[in-house]
Amino acid sequence: MRSLSASELLNIWEWGRNQPSCSRAIKLLASACSETSTDILTQLSIGQRDAMLMTLREWTFGSQLVSQVTCPSCGEVLELNFDVADMRVASLSLEPVEKYCLELANYQVSFRLPNSLDMIAIADHKQPEIAQEVLLERCILGAVCNNEYLPFQQLPSYVINAIIAQMALVDPQANVPIDISCSACNHQWQSLFDIMSFFWTEINAWAFRVLREVHTLAVAYGWREADILAMSPRRRQLYLEMVAG
């Protein structure tokens, strides 16, 4: 994997403005990992994918993460500051694991971890319960009870819950909780960190800022967009300061 140029990142942003989050994630990784096929990237677990996105985000904008959140108790707006290292659960192998097995009571279940193709498949389901059911049905490869094969729909809820818990255990980077405490009312809660949503929000803000910079320098000097984007951010800023006078 390599870092993306300003021109590449801007092209991805333009392409992805009306795309779902999972499609944006794969586009970013496919552009940064030209040696890896899109098929392999889409088959990575969500945790594996997010670990790669975390690294790409660090290479693009640095290690510091800054965000805002509203306290659900008192409405206070809080600023969160943390490091990419704080959000990394563990170093993960990027080799897709084909299946896992769970034995519980008389049930033996084989399953795989959710991947980006699964997320795209459930993107249009507005009801979380239906989305989860579709996701599990895609990921459960087989279930046996007392030597009898069972369809997904016949699995009891405690087995389903155990499968979900096992998925979270073996793919921890897919669900990274953040502990938050409100400085105004002392309310405490947890929120899940979504690296793709966070990264895309930053890319969106960066793209509008860079386009304004390109416009300013193009008007002032008659330079092409490609030449302006090829400059380092520091050099571009120096020219902007000269234009501002």
Side-chain angles (χ1 to χ4, degrees), residues 9 12-13 16-29 45-92 113-114 116 118-120 122-136 157 160-212:
L9 195 58
I12 293 169
W13 167 80
R17 295 191 69 189
N18 296 315
Q19 298 294 325
S21 179
C22 285
S23 296
R24 294 169 178 172
I26 295 303
K27 183 70 171 180
L28 283 164
L29 292 181
S45 74
I46 299 304
Q48 291 172 316
R49 183 204 70 182
D50 285 0
M52 295 179 70
L53 286 171
M54 198 89 70
T55 298
L56 184 58
R57 189 271 169 202
E58 183 175 16
W59 291 349
T60 304
F61 296 126
S63 63
Q64 289 299 115
L65 304 169
V66 180
S67 182
Q68 287 187 333
V69 65
T70 301
C71 175
S73 179
C74 70
E76 182 78 6
V77 177
L78 309 172
E79 183 173 287
L80 305 180
N81 293 274
F82 40 95
D83 195 274
V84 167
D86 300 330
M87 297 295 102
R88 282 201 177 99
V89 176
S91 58
L92 298 174
L113 295 174
S116 295
D118 299 315
M119 297 296 105
I120 292 172
I122 67 172
D124 292 333
H125 292 283
K126 304 303 181 184
Q127 297 182 11
E129 297 83 3
I130 295 178
Q132 178 175 283
E133 183 175 336
V134 173
L135 179 62
L136 287 171
S157 59
I160 295 294
N161 292 336
I163 295 169
I164 294 172
Q166 188 69 13
M167 285 180 172
L169 183 65
V170 297
D171 201 28
Q173 193 68 61
N175 294 284
V176 181
I178 304 174
D179 294 318
I180 306 173
S181 178
C182 179
S183 57
C185 70
N186 295 322
H187 178 68
Q188 297 180 350
W189 74 100
Q190 276 193 340
S191 179
L192 290 179
F193 178 68
D194 182 351
I195 178 58
M196 188 56 230
S197 176
F198 187 93
F199 194 9
W200 193 260
T201 298
E202 290 182 311
I203 291 173
N204 192 58
W206 168 88
F208 279 106
R209 183 177 70 252
V210 166
L211 287 176
R212 285 193 294 268

What verdict does the side-chain contact (heavy atoms from CB on, under 4.5 Å) test give for D179 and Q188, after you've listed the backbone C-alpha separation in whole Å, the side-chain angles of each residue and the deciding distance to 0.1 Å?
CA-CA 7 Å; D179 294 318; Q188 297 180 350; over 6 Å; no
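- Residues V84 and G62 come closest through the heavy atom pair CG2-O, 4.1 Å.
- Summarising the geometry of I120 relative to C22, their closest heavy-atom pair is CG1-CB, 3.7 Å, with the distance given to 0.1 Å.
- What you find for Q173 and D50 is that their closest heavy atoms are O-OD2, 4.0 Å.
- You'll find the side chain of D118 stays beyond 4.5 Å of the side chain of V134, heavy atoms only.
- Once rounded to the nearest 0.5 Å, the distance linking CD1 of I130 with NE2 of H125 reads 7.5 Å.
- Proximity of D194 to F198: side-chain heavy atoms (C-beta onward) are nowhere separated by under 4.5 Å.
- Without hydrogens or angle criteria, D171 side chain to M167 main chain gives no donor-acceptor distance under 3.5 Å.
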Would you sort out whether I164 and L136 count as a side-chain contact (heavy atoms from CB on, under 4.5 Å), showing the intermediate values?
CA-CA 8 Å; I164 294 172; L136 287 171; 4.1 Å; yes
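- Remark: the backbone N or O of A174 is not paired with any side-chain donor or acceptor of Q48 at under 3.5 angstrom.
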Between L53 and L29, is a side-chain contact (heavy atoms from CB on, under 4.5 Å) present by the stated rule, with each step listed?
CA-CA 7 Å; L53 286 171; L29 292 181; 3.9 Å; yes
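- The nearest pair of heavy atoms linking C71 to W189 is CA-CH2, 3.6 Å.
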Stepwise side-chain contact (heavy atoms from CB on, under 4.5 Å) test for L65 and D86
CA-CA 10 Å; L65 304 169; D86 300 330; over 6 Å; no
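- In this structure, I203 and R24 have side chains that are not in contact, with every pair of non-hydrogen atoms separated by 4.5 Å or more.
- C182 has its side chain out of reach of S73: every pair of non-hydrogen atoms, C-beta onward, lies at least 4.5 Å apart.
- Within the 4.5 Å cutoff, the side chain of P72 has heavy atoms near those of the H187 side chain.
- A centroid separation of 6.0 Å or more is found between the aromatic rings of F199 and W206.
- M87 has its side chain within reach of I178: a pair of non-hydrogen atoms, C-beta onward, lies under 4.5 Å apart.
- Taking CD1 from I180 and CG from L80, the interatomic distance works out to 5.0 Å, rounded to the nearest 0.5 Å.
- The environment of CG in N81 is crowded: more than 12 heavy-atom neighbours from other residues, nucleotides or ligands sit within 6.0 Å.
- Atom OG of residue S183 and atom CD of residue E76 lie 5.5 Å apart, to the nearest 0.5 angstrom.
- Residue I122 comes nearest to A131 through the heavy atom pair CG2-O, 3.7 Å, listed as atom of the first residue, atom of the second, then distance.
- The shortest non-hydrogen separation linking M196 to S21 is CG-OG, 3.1 Å.
- Contact annotation: the side chain of K27 never approaches that of Q19 to less than 4.5 Å [non-hydrogen atoms, C-beta and beyond].
- The aromatic rings of W13 and F208 sit perpendicular to each other, their planes meeting at more than 60°, with 30° as the lower class boundary.
- Two residues are said to be in side-chain contact when any heavy atoms from C-beta on lie closer than 4.5 Å; D83 and Q64 meet this criterion.
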